[in-house]
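One-based numbering, in listed order, for ligands and for the atoms of each. Quick note: residue numbers are just sequence positions, from 1. Being a predicted model, the structure only gives us computed values, none of them experimental.
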Amino acid sequence: MNTASAIPEQSHYRICPLCEACCGLEVRTRGDKVISIRGAEQDVFSHGYICPKGVSLKDLHEDPDRLRSPRIKRNGQFVEATWEEAFAEVERRLLPLIAEHGGQAVGTVIGNPAAHKIGLLAYFPQLVRALGTRNVFSASSLDQIPKQLSAGLMFGDWMSVPVPDIERCDFLLMLGANPMVSNGSLWTVPDYRGKAKAMRARGGRIVVVDPRRTETAAAADQHLPIRPGGDAFFLLGLVHTLFDEKLLRLRGLQEHLEGLDALRAAVLPMSPERMAPACGIDAATQRQLARQLAQAERAAVYGRIGTCTQRFGTVNSWLVDVLNILTGNLDRAGGAMFTKAAAFAANTAGTPGQGRGVSTGRRHSRVSGAPEVFGEFPITCLAEEIDTPGPGQIKALICIASNPVLSTPNGQRIAKALEGLPFMLSLDIYINETSRHADVILPGPSPLEDVHFDIPFPQFSYRNHARYSGPVFAKAADQPEEWQTLLHLCDIVQGKAQAPLAGPQHSPDAIIDQALRAGPYGLSLAQVRAAEGGIDLGPLQPRIPEVLRTPSGRIALAPPSLLADLAHVEEALGAQSEGMLLIGRRDTRSGNSWMHNLPVLAKGPERCTLLVHPQDAQRLGLHEGGTARLQSGDTVLLAPVRISEEMQVGVVSLPHGWGHDLPGSQLREAALRPGVNMNALLDDRLRDPLSGNAVLSGVAVCVSAADALASAL
Ligand SMILES: Nc1nc2c(c(=O)[nH]1)N[C@H]1C(S)=C(S)[C@@H](COP(=O)(O)OP(=O)(O)OC[C@H]3O[C@@H](n4cnc5c(=O)[nH]c(N)nc54)[C@H](O)[C@@H]3O)O[C@H]1N2
Ligand SMILES: Nc1nc2c(c(=O)[nH]1)N[C@H]1C(S)=C(S)[C@@H](COP(=O)(O)OP(=O)(O)OC[C@H]3O[C@@H](n4cnc5c(=O)[nH]c(N)nc54)[C@H](O)[C@@H]3O)O[C@H]1N2
Ligand code: SF4
Ligand SMILES: [Mo]
């Protein structure tokens, strides 16, 4: 008998931290080796579903490029350091800057993976407070902040975002989302594919509005190819039709609404006939869809990132819920409903049915004067806050689980700004396009060494549930938890560098237990832990008026700032753009900018390709497998061409998160097929002014053949 087989195989339950679906996984191990990763059948929420990324946790755990100890930059080179040395270096470099310029001069960025990690999410605010900085930036302003703002204005809390009750729904209208690939966003719904299939098998209909015939659109009943950026016009056409054709059906919502007349007046001029040219969907189709929505027994409208990353992101997000309300589908079984999370939800705390609501613009960014939203400034203001001299300039940056050099429009300006920055600290697990600029890098443990309890996603889930998973492996003795690192940074900033790392009484477990006990189900951590695979808390239930936290205790149907923005929608009606419109796309085997180093995901055909409609390809002289030249301003990218009828004429698609050929990154696998960074083409000044969200879609670029000679042969 050899020693390997003498070590028993073990099975561990682990919630996947890699996307919003939060699937339960079964990780089988022997000793310190991962043998297999599967969907956990016993999971009450995901029932055994898994995607290829879940399997990649093994590669992530084993990745030789993943940092297992801190790095300090000495003479331009990273050297390995102990934790003591690294913390001492932070103290030595950061404290004098704070002493000279104040805590305000320290910028903070927190990125996407933090949303899945309680150790980062729950303790980041303490670091911000310890610094006393207003310079807080995050991936939210590249993503969902418009939806949070519209939900906040309408329902009173930033997290009160209704989700489709897909298991009881008959008609789903979906805009700007591709859950078949993304696995859902602001809608925690593992196995969307299976649920959509079941819905259609029951006779339900799914209509997808997307510039590209995506995987989700191809599997739906109807695909409406919208002009990129055209959603506000389209949604207004639908809302107008509901009033115009007297299709309103408010059901029990009527007594909980305010602003119906103001809304009616505002949409009066927005007829489908006027909106059609701007959205590319004809008036008859808009009217018919509005009728179908109004007549469906149980319908839901859902809009996601494609509707947020536009000039009218907040208006779009608002109109999606206006449609849910006017058709009587908000807060109703089979419609768009509010999840009731077991812990951490502001909409289960305080006085039920009333609250302070939300506000924005309590302060403004120094250079562009962008309003603060949800405690943050737009991340597209980061570079200018670093590279524009003057009082209040950012002199040091703490970047946590974020890669803005690749994920943010004009990331090349951020890279340049970081080069000139007096001090940068990264909390990251790789030396990548952003962390290569750091002076100190502090890595977190492997995800398999971490506890998992989600704060945001159980607030957007298709079903109520409570789940927790412990670490699969013990971490190295000297490796701090990420929350300990954050708390120790607070100590350093407050001049208490000698304090020991925080003990278990400060751990996430203690916070989770408290939050569960204070939550609406009165659970404890011990109870949730004991139930491996989680506790099912049942289908979504109606929550109006209890869920509302608006000052009036009503749903605000016509928030003044949104009505005011309609004047700009009106102005944009006749706008023309030149060139091809560029949109993004996600791939099953990717996770934004940082998962291209994992062999199990990296294999297969090249994925950073430009999708082009055959007619455009012919007109531009592009051919399958050839090279396209994309230009915007001074920036030129070369990308391999794929010709596809999924595209609409005049629109091209390139995925984001690529461009792994920058000097100094240490991502060996990713560097083999680096791809190009589509964000290098985007303009960091283009934002939705209400939410500060970046415009990532529908931006005009010049496309031509880079290999014109080759194609002529
Ligand atoms: N053009 C375009 N751009 C986009 C988008 C788009 O659709 N189109 N999407 C946007 C969206 S939705 C988002 S959310 C953003 C995401 O943008 P970012 O917030 O920048 O996130 P990622 O690109 O996922 O990079 C995550 C970083 O976290 C690190 N990391 C991973 N795991 C851990 C961990 O456990 N601990 C720590 N400390 N670090 C870790 C990775 O190494 C990487 O550096 O990108 C946005 N950018
Ligand atoms: N495999 C994989 N999964 C992921 C990620 C990943 O990178 N890879 N990222 C995760 C993250 S951070 C997020 S936020 C979620 C996002 O999850 P989703 O919101 O589902 O994101 P996408 O798949 O980008 O789908 C957005 C869709 O909007 C469309 N679109 C573009 N412009 C417009 C427009 O003007 N109008 C309309 N109506 N549609 C438009 C695009 O063609 C695209 O199909 O995915 C998460 N899941
Ligand atoms: S769908 Fe998301 S949560 Fe589920 S296994 Fe894949 S990456 Fe993990
Ligand atoms: Mo995101």
Side-chain angles (χ1 to χ4, degrees), residues 17-21 51-53 60 66-67 109-117 119-120 138-140 142-144 174-187 192 208-217 224-231 234 279 303-310 316 379 399-409 411 426-435 441-447 450 482 485 581-595 597 601 646 651 653-657 667 677-679 681-682 694 696-699:
L18 298 177
C19 91
E20 296 180 40
C51 86
K53 280 200 297 186
L60 179 56
R66 184 173 59 78
L67 299 180
V109 182
I110 186 156
N112 175 271
H116 305 271
K117 292 181 179 272
L120 291 175
S138 89
S140 292
L142 300 166
D143 188 348
Q144 84 291 349
M174 174 150 36
L175 303 95
N178 188 12
M180 208 79 107
V181 167
S182 69
N183 283 296
S185 182
L186 290 187
W187 184 20
Y192 165 80
V208 174
V209 180
D210 196 299
R212 176 169 78 92
R213 195 179 69 237
T214 59
E215 297 77 354
T216 303
L224 298 175
I226 192 165
R227 189 180 151 77
D231 298 75
F234 171 74
C279 66
R304 207 24 302 261
I305 193 168
T307 59
C308 285
T309 51
Q310 300 183 20
N316 293 338
I379 196 165
C399 186
I400 302 172
S402 187
N403 190 7
V405 168
L406 290 194
S407 51
T408 304
S426 271
L427 267 61
D428 209 288
I429 56 171
Y430 285 112
I431 300 177
N432 67 11
E433 298 75 17
T434 298
S435 62
I441 308 178
L442 303 176
S446 155
D450 214 353
E482 288 204 282
T485 300
L581 298 183
L582 178 64
I583 63 169
R585 87 183 173 269
R586 285 178 158 76
D587 181 278
T588 309
R589 292 170 178 276
S590 74
N592 297 322
S593 74
W594 69 281
M595 299 198 69
N597 207 50
L601 300 181
E646 287 165 30
V651 181
S653 162
L654 194 65
H656 77 281
L667 301 166
N677 177 12
M678 76 101 82
N679 277 316
L681 294 170
L682 304 185
L696 301 176
S697 196
V699 174

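- Of the candidates Ser590, Gly591, Pro211, Ser182, the one placing a heavy atom closest to atom 33 (C) of ligand 2 is Pro211.
- Annotation for ligand 1: atoms under 4.0 Å from non-hydrogen atoms of Asn432 are 42 (O), 43 (C), 44 (O).
- Inclusion of Gly584 in the set of residues having an N or O under 3.5 Å from an N or O of ligand 2 is not warranted.
- Distances below 4.0 Å separate heavy atoms of Asn403 from the following atoms of ligand 1: 18 (P), 20 (O), 25 (O), 44 (O).
- Neither the backbone nor the side chain of Ile400 has a heavy atom within less than 4.0 Å of ligand 1.
- In this structure a side-chain-to-backbone donor-acceptor pair under 3.5 Å is present from Ser653 to Gly584.
- In the vicinity of Gly111, heavy-atom distances shorter than 4.0 Å reach the ligand 1 atoms 19 (O).
- Close approach to Asp587 involves these atoms of ligand 2, each under 4.0 Å from a residue heavy atom: 1 (N), 2 (C), 8 (N).
- For atom 10 (C) of ligand 1, the nearest non-hydrogen atom of the protein is Leu142 O, 3.5 Å.
- For atom 7 (O) of ligand 1, the closest non-hydrogen atom of the protein is Arg586 NH1, 3.2 Å.
- The heavy atom nearest to atom 15 (C) of ligand 1, considering only Ala139, Ala694, Gly444, Ser446, is found in Ala139.
- Looking from atom 24 (O) of ligand 1 to the surrounding protein, the closest heavy atom is Trp594 CD1, 3.0 Å.
- At a 3.5 angstrom cut-off on N or O pairs, Asn679 counts as close to ligand 1.
- One option in Val699, Leu601, Asp143, Leu696 has a heavy atom closer to atom 14 (S) of ligand 2 than any other, and that option is Asp143.
- Here the side chain of Arg66 pairs a donor or acceptor atom with the backbone of Leu60 at under 3.5 angstrom.
- Summary of contacts: the protein heavy atom closest to atom 26 (C) of ligand 2 is Gly176 O, 3.3 Å.
- Rounding to the nearest 0.5 angstrom, the gap separating the OG1 atom in Thr485 from the CD1 atom in Ile400 is 10.0 Å.
- The nearest non-hydrogen atom to atom 41 (C) of ligand 1, considering only Asp428, Ile379, Leu442, comes from Asp428.
- Under the 3.5 Å distance criterion, the side-chain polar atoms of Gln144 are left unmatched by any main-chain donor or acceptor of Cys308.
- Between Pro52 and Leu601, the shortest heavy-atom distance links the atoms O-CD2, 3.8 Å.
- Using a distance-only test at 3.5 Å, with no hydrogens or angles considered, no donor-acceptor pair links the side chain of Ser426 to the main chain of Ile441.
- The part of Lys117 lying near ligand 1 is the side chain, judged by heavy-atom distances below 4.0 Å.
- At the top of the distance list for atom 16 (C) of ligand 2, counting protein heavy atoms only, stands Ser185 CB, 3.7 Å.
- Residue contacts with ligand 1 for Asn112 involve both N, CA, C or O and side-chain atoms from C-beta outward (heavy atoms, distance under 4.0 Å).
- Any N or O atom pair closer than 3.5 Å counts here, and Asp210 shares at least one such pair with ligand 2.
- Residue Asn592 places at least one N or O, backbone or side chain, under 3.5 Å from an N or O of ligand 2.
- Looking only at distances, a side-chain donor or acceptor of Asn316 sits under 3.5 Å from a matching main-chain atom of Thr307.
- For ligand 2, the polar-atom distance check finds an N/O of Ser697 within less than 3.5 Å of one of the ligand's N/O atoms.
- The closest approach between any non-hydrogen atom of Asn183 and ligand 2 is not below 4.0 Å.
- Using a non-hydrogen distance threshold of 4.0 Å, Glu482 registers as a contact of ligand 1.
- The Met678 neighbourhood of ligand 1 comprises atoms 1 (N), with distances under 4.0 Å to a heavy atom of that residue.
- Residue His656 forms a side-chain hydrogen bond (donor to acceptor under 3.5 Å, both in side chains) with just one option from Asn679, Asn592, Thr408, and that option is Asn592.
- Between the Lys53 side chain and the Ser590 main chain, a donor and an acceptor come within less than 3.5 Å of each other.
- Close contacts of ligand 1 with Ser593, meaning ligand atoms under 4.0 Å from a residue heavy atom, involve 22 (P), 23 (O), 25 (O).
- Remark: minimum distance from atom 21 (O) of ligand 2 to any protein heavy atom is reached at Ile305 CG2, 3.2 Å.
- Contacts between Thr408 and ligand 1 below 4.0 angstrom, taking non-hydrogen atoms only, are absent altogether.
- Residue contacts with ligand 1, taken as heavy atom pairs separated by less than 4.0 Å, involve Pro113 solely via side-chain atoms from C-beta onward.
- Within the 4.0 Å heavy-atom criterion, neither part of Thr216 lies near ligand 2.
- Closest heavy-atom contact between Leu582 and Leu682: CD2-CD2, 4.3 Å.
- Taking 4.0 Å as the cut-off, Lys53 counts as a neighbour of ligand 2 on heavy-atom distance.
- Looking at atom 45 (O) of ligand 1, its nearest protein heavy atom turns out to be Ser407 CB, 3.4 Å.
- In this structure, the protein non-hydrogen atom closest to atom 2 (C) of ligand 1 is His656 CB, 3.4 Å.
- Of the candidates Leu18, Asn178, Leu175, Asn178 brings a heavy atom nearest to atom 23 (O) of ligand 2.
- One option in Leu120, Asn677, Ile429, Leu654 has a heavy atom closer to atom 30 (N) of ligand 1 than any other, and that option is Ile429.
- Heavy atoms of Gln310 come nearer than 4.0 angstrom to ligand 2 in at least one pair.
- Considering backbone and side-chain atoms together, Leu427 places an N or O closer than 3.5 Å to an N or O of ligand 1.
- Of the options Ile583, Asp231, Asn316, the smallest heavy-atom separation from atom 36 (N) of ligand 2 is shown by Asp231.
- Within the listing of ligand 2, atoms 36 (N), 37 (C), 38 (N) sit less than 4.0 angstrom from a heavy atom of Ile226.
- Note on ring orientation: taking the six-membered ring where Trp is involved, the planes of Tyr430 and Trp594 are tilted (angle from 30° to 60°).
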